[in-house]
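Heads up: the structure comes next, in C-alpha cells.
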Amino acid sequence: MTAAEYKRRRRALANAIGPNGIAILPAAREVVRNRDAHYPFRQNSDFVYLTGFSEPDAFAVIAPKRKDGEYVLFCRPRDPEREQWDGRRAGIEGATAQFGADQAYPLSELDTVMPTLIDGRERLYFAIGSDAALDARVMGWVNRVRANVRAGACAPEIFVTIESVLHEMRLRKSPAEIKQMRRAAEISAAAHRRLMQICGPGMNESRLEAEFHHVCAVSGARDQAYSPIVGGGANACILHYVENRAPLRDGDLVLIDAGCELGGYASDITRTFPVNGRFSAPQRELYELVLEAQTAAIGKAKPGNLWNEPHDEAVKVLTKGLVHLGLLKGKLAELIKEEAHKPYYMHRTGHWLGMDVHDVGSYKQKGAWRSFEPGMVLTVEPGLYLADSDEIPEPYRQIGIRIEDDVLITESGNEILSAAAPKDPDAIESLMAG
C-alpha cells in the first residue's frame with residue numbers, strides 16, 4: 001500500500017470520529033513460543049490498516065484538528081545493539097519520514113504524553129474490552145486528566161469501541177485493497193492447481209501442505225492466512241482438520257482449504273479432488289451437488305441482496321439434492337424449515353474476507369441482515385460431510401466435500417477472485433491427467 005492510501009484511511013477515521021474525538025490503537029505484541037523463541041510476528045490488523053507500521057509494541061493516536069498534527073506515533077527508538085540481534089527499527093525519525101506520522105515519541109514517553117493528547121476531548125475511541133491491560137492503561141491516562149480538572153483539564157466522558165467505526169471502513173475495500181486481494185487469490189489458485197498436478201496415492205497430506213507453502217512463498221507470499229487444511233478421506237469430514245500427516249489413499253477424495261496472505265490481505269480457497277485423479281460415480285454425484293449449491297449461492301452475492309441469501313440458496317439446493325440421494329426424506333419446505341441438512345452441512349456458507357481471513361464487519365444491522373455493497377469481499381463455501389454412519393448409504397460414507405471461492409461484490413454483480421483454481425470436475429480430471 002502507498003503512503004497516500006494510509007493517509008486517506010486516517011483522514012476517513014478522523015472525519016468519522018469528529019473534532020471532539022480521539023482514537024488510540026495499540027500495535028500487536030511479540031509472543032513467546034517457548035523459552036527464547038517467539039511466534040512469527042504479525043501486526044494487529046486495525047493498527048497496520050491505518051499506519052502501515054509493522055513493528056511491535058507501538059501506539060498510534062488519531063486526534064482530529066490537533067494543532068501539532070492529527071497523527072501521533074509512539075514506537076521503539078533506534079538501538080544499534082538490539083538491531084544487531086533483532087533487526088532494523090524505524091525509530092522516531094523513521095516514524096515521521098517513512099510512515100507519515102505528524103509527531104513521534106519513544107515508548108518511554110507514552111504515559112507522560114498520552115494524557116496531554118486526551119485532555120479536552122469528549123469521546124475516546126479504543127478497543128474496549130479486547131485487552132484488560134489496555135483497558136487499565138487507558139483508564140490510567142484518563143484518571144490523570146481527571147486529577148487536573150481544577151487546573152482546567154477536561155477528561156473524556158464518552159468511551160466508544162473503535163471497531164464500530166473502523167471495521168465498517170475495513171469492510172468496504174478500496175481499489176488498492178482489491179488489487180492486493182486479487183493477486184493473493186491468484187497465487188493461492190496457482191498453488192491449488194499445483195497440488196492437483198502432483199497428488200497421487202501414497203503421498204502424505206503433509207507433502208501437499210509443504211508444496212502449497214512453497215508455491216506461495218516463491219510467488220512472494222511467504223505467509224499463510226491461516227493453518228492449511230489437507231484432509232484425505234474421512235479426515236475431510238473434520239471441518240478444521242489441521243494434523244495434515246496421514247497418507248492419501250487410492251479411491252479417496254482430498255479436501256484442501258488453504259490460502260496465502262499477501263501484504264496483509266488474506267485469500268481463502270477450498271478445493272476437493274480425487275487422490276487418483278478420477279472421481280468415482282458416488283463421489284462425482286456428491287461433488288456436483290455441492291458445486292451446484294455453490295454456483296447458486298454465488299449468483300445471490302450481488303448488490304442489494306441480503307447477506308443470508310447465498311446461504312439460503314445453498315441450503316435449498318443441498319436439501320433438495322439430499323432428498324434425491326435418499327439421505328433425507330420429507331417435503332422440501334418442511335425439511336428446510338427444520339434444518340434437516342445440518343447433520344451433513346453444519347456451517348454457514350461464507351464470511352467476510354480481507355485483512356483477516358474471517359474479516360471484520362457486521363453481518364446484521366439493527367437486527368436485520370445487511371445488504372451487499374460494491375467493494376465487499378466474502379467467501380462462498382458450501383459443503384457436505386458424510387461420516388461413517390449406518391444412516392448413510394455405503395458408497396457415500398467417509399466423504400467430505402467443500403468448494404470455496406473468494407467473491408468481490410461489484411457494481412453489476414460479482415467477480416470470483418479465485419476463479420483460476422479449477423472446480424469443474426472434468427477440468428480437475430483433465431489437469432490431474434495432464
Side-chain angles (χ1 to χ4, degrees), residues 31 33-35 37-42 184-262 266-280 283 287 290 347 357-358 379 381 383-388 397-406 418 420-423 425 428-429 431-434:
V31 180
R33 182 180 184 272
N34 58 306
R35 287 196 55 89
H38 290 79
Y39 284 103
F41 179 74
R42 204 283 190 179
E186 289 171 353
I187 292 171
S188 292
H192 278 276
R193 291 197 304 272
R194 175 61 179 163
L195 268 52
M196 293 177 188
Q197 291 173 316
I198 69 168
C199 184
M203 184 175 290
N204 198 281
E205 293 167 346
S206 62
R207 171 72 172 85
L208 295 182
E209 179 183 19
E211 187 69 20
F212 194 93
H213 280 276
H214 172 75
V215 174
C216 293
V218 298
S219 300
R222 179 187 175 195
D223 297 323
Q224 294 295 297
Y226 53 97
S227 296
I229 296 168
V230 183
N235 292 338
C237 296
I238 302 171
L239 299 184
H240 291 161
Y241 174 81
V242 291
E243 293 179 19
N244 301 352
R245 56 172 178 257
L248 298 171
R249 302 185 307 176
D250 192 8
D252 280 350
L253 298 179
V254 58
L255 183 155
I256 299 173
D257 186 339
C260 71
E261 178 179 291
L262 181 67
S267 57
D268 185 3
I269 305 173
T270 307
R271 291 294 185 262
T272 309
F273 53 89
V275 171
N276 63 13
R278 300 288 296 181
F279 288 95
S280 68
Q283 289 170 349
Y287 184 91
V290 175
H347 59 79
V357 67
H358 288 179
T379 65
E381 50 175 315
L384 284 175
Y385 311 92
L386 308 181
D388 190 4
R397 293 179 190 173
Q398 301 189 68
I399 294 178
I401 298 169
R402 183 165 64 253
I403 307 171
E404 178 180 22
D405 279 296
D406 304 344
S418 47
K423 60 183 178 181
I428 289 173
E429 290 185 344
L431 180 63
M432 295 185 74

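What's counted below: heavy atoms across the whole structure, side chains too, no hydrogens, waters or symmetry copies.
- Going from atom CG of Asp388 over to atom CZ of Arg397 covers 6.0 Å, rounded to the nearest 0.5 Å.
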Pair Asp257-Tyr241, side chain to side chain donor-acceptor pair (under 3.5 Å): steps then yes or no | CA-CA 10 Å; Asp257 186 339; Tyr241 174 81; over 6 Å; no
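- Side-chain contact check for Tyr226 and His240: no donor-acceptor pair (N or O, by modelled atom type) lies under 3.5 Å.
- You'll find the side chain of Leu248 stays beyond 4.5 Å of the side chain of Asn204, heavy atoms only.
- A 4.5 Å side-chain heavy-atom check between Glu205 and Pro247 finds every atom pair outside the cut-off.
- If you take OG on Ser280 and CZ on Arg278, they are separated by 11.0 Å, rounding to the nearest 0.5 Å.
- Taking the side chain as every heavy atom from C-beta outward, Leu253 and Val275 never approach each other to under 4.5 Å.
- Here the shortest heavy-atom pairing between Glu429 and Phe279 reads OE2-N, 2.9 Å.
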Would you sort out whether Leu255 and Ile229 count as a side-chain contact (heavy atoms from CB on, under 4.5 Å), showing the intermediate values?
-> CA-CA 7 Å; Leu255 183 155; Ile229 296 168; 4.2 Å; yes
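- Phe41 is not listed as a side-chain neighbour of Val31, based on a closest heavy-atom distance of 4.5 Å or more.
- Counting heavy atoms from C-beta on, the side chains of Ile428 and Pro274 come closer than 4.5 Å.
- Here the straight-line distance linking atom SG of Cys237 with atom CG of Leu386 works out to 6.5 Å at 0.5 Å rounding.
- Taking both residues in full, the closest heavy atoms of Pro228 and Val242 are given as O-CG1, 3.9 Å, listed atom of the first, atom of the second, then distance.
- No donor-acceptor pair under 3.5 Å is formed between the side chain of Glu243 and the backbone N or O of Asn235.
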Could you check Arg271 against Leu195 for side-chain contact (heavy atoms from CB on, under 4.5 Å), going step by step and ending with a plain yes or no?
-> CA-CA 10 Å; Arg271 291 294 185 262; Leu195 268 52; over 6 Å; no
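- Separation of atoms OG1 (Thr270) and CZ (Arg402) is listed at 4.5 Å; rounding is to 0.5 Å.
- The pair Glu261-Arg42 counts as a salt bridge, with a side-chain nitrogen and a carboxylate oxygen less than 4.0 angstrom apart.
- The OG1 atom of Thr379 sits 6.5 Å away from the NE2 atom of His358 when rounded to the nearest 0.5 Å.
- A distance of 4.5 Å separates CD1 of Ile269 from OG of Ser418, quoted to the nearest 0.5 Å.
- Distance alone, capped at 3.5 Å, is enough to place a donor-acceptor pair between the Ser188 side chain and the Cys260 backbone.
- Contact annotation: the side chain of Ile399 never approaches that of Leu384 to less than 4.5 Å [non-hydrogen atoms, C-beta and beyond].
- Heavy atoms only, all atoms of each residue included: Val230 and Asn244 are closest at N-OD1, 3.0 Å.
- In terms of heavy-atom proximity, Gly400 sits nearest to Thr272 at O-CG2, 3.6 Å.
- Pairs passing the side chain to side chain donor-acceptor pair (under 3.5 Å) check and including a residue from residues 190-203, sequence neighbours excluded, read Arg194-Glu211.
- Residues passing the ring-ring contact (aromatic ring centres under 6.0 Å, His included) test with Phe273: none are found, sequence neighbours excluded.
- Taking a cutoff of 4.0 Å between a charged side-chain nitrogen and a carboxylate oxygen, Asp405 and Lys423 qualify as a salt bridge.
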Give the intermediate values and the outcome of side-chain contact (heavy atoms from CB on, under 4.5 Å) for residues Val254 and Arg249.
-> CA-CA 9 Å; Val254 58; Arg249 302 185 307 176; over 6 Å; no
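- Not a single donor-acceptor pair under 3.5 Å links the side chain of Gln398 to the backbone N or O of Ala387.
- In this structure, Glu209 contributes its side chain and Ser206 its backbone to no donor-acceptor pair below 3.5 Å.
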Carefully, step by step, assess Asp406 and Asp268 under the rule side-chain contact (heavy atoms from CB on, under 4.5 Å).
-> CA-CA 6 Å; Asp406 304 344; Asp268 185 3; 3.9 Å; yes
